[in-house]
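Remarks on the structure that follows.
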Amino acid sequence: MPRRPNLSGGLPDIPFLSLLKRKFPFTILLIAGVGWVLVTNGVRIEEVFGPSPSPFNPLFHLSNQFFHASLDHYRGNMLVLVPLGVVLTLLTSDKHVLAVVVGADALASFVYHVGSGPVVGSSGIAFAIIGVLLVRTVGDAMQNASMEWLVAIMIGLFLPFFLVLFVVAVALHGAWVAHFGHLLAFCFGGMCEAAFVVVGHASDDRLVLSW
């Protein structure tokens, strides 16, 4: 049967375009690209929000990931964020990564801000993505196992990372707020991803796991 013409005025449903829209790392490349422009032009976040932004300003917490204290700070963050973010996008989707980025950055930034003042950078996002990847990898590897084994193994792998980060956060006295923010972002990413994995495993719904 011949295909009906597309009368909606939108793009035709082409599998390659659908796959590109889902799997191309728009979010990660946006963070890296905007961050590069800002840091190489010497744009600082206090020029945008002032020297003492409110900790309850949502725009600050959603945009501080694009700003960095120096070029070395930017490079260090991107060295972790870009490869891991691309891998997570390929395993899930770009909108999945976007949800992780927005949630983790807002949470970690707020904790930093309340504890020690405003902060810039995307290290909180990187820690969240590490937590997500850890849980997602276990979920994919154990998709044919029982629910009990899946939960036990996720806890067994996730808990040591949590304990190590907690010890670091406590041991580094003066920098404890920053490291606690990293810990919080890591846990946020891991626990949210665990919900997706468990729901998808229970319902055997790969759409949930690939969202």
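Residues take their numbers from the sequence shown, with the count starting at 1.
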**Asked** Is the shortest heavy-atom distance from the side chain of F60 to the side chain of I45 under 4.5 Å?
**Response** yes

**Complete:** Nearest heavy-atom contact between N77 and S123 is OD1-CB, 3.5 Å

**Item:** CA sep, side-chain torsions, deciding dist, call: N64, S109, side-chain hydrogen bond (donor to acceptor under 3.5 Å, both in side chains)
**Value:** CA-CA 8 Å; N64 67 335; S109 175; 2.9 Å; yes

**Request:** Measure up the H68 and H73 rings against each other and bin them: parallel (under 30°), tilted (30 to 60°), perpendicular (over 60°).
**Result:** perpendicular

**Request:** Evaluate the ring planes of W36 and Y74, with Trp represented by its six-membered ring, and classify them as parallel (under 30°), tilted (30 to 60°) or perpendicular (over 60°).
**Result:** tilted

**Considering all heavy atoms, the nearest A128-V100 contact** = CB-CG1, 4.1 Å

**Message:** Taking the side chain as everything from C-beta on, heavy atoms only, tell me whether L133 gets closer than 4.5 Å to T92.
**Reply:** no

**Residue list, side-chain hydrogen bond (donor to acceptor under 3.5 Å, both in side chains) with S63, at least two apart or on another chain** = none

**Prompt:** Is the backbone N or O of V37 less than 3.5 Å from a side-chain atom of N41, with the two atoms forming a donor-acceptor pair by type?
**Reply:** yes

**Prompt:** Is there side-chain contact between R22 and D94, with heavy atoms separated by less than 4.5 Å?
**Reply:** no

**Item:** Main-chain N/O of I125 paired to S122 side chain as donor or acceptor, under 3.5 Å
**Value:** no

**Asked** Is it true that F49 and F66 fall in one hydrophobic cluster, defined by side-chain heavy atoms closer than 4.5 Å?
**Response** yes

**Item:** Results of side-chain hydrogen bond (donor to acceptor under 3.5 Å, both in side chains) for R75 - residues two or more places apart only
**Value:** none

**Prompt:** Taking C-beta and beyond as the side chain, do T89 and T27 meet within less than 4.5 Å on heavy atoms?
**Reply:** no

**Message:** Minimum heavy-atom separation for E193 and V135, please, with both atom names.
**Reply:** C-CG1, 3.9 Å

**Prompt:** Any idea which heavy atoms bring A32 and V82 closest together, and the distance?
**Reply:** CB-CG2, 4.1 Å

**Asked** Taking C-beta and beyond as the side chain, do V39 and F67 meet within less than 4.5 Å on heavy atoms?
**Response** no

**Asked** Hey, are the side chains of V97 and V132 touching, using non-hydrogen atoms and a 4.5 Å cut-off?
**Response** no

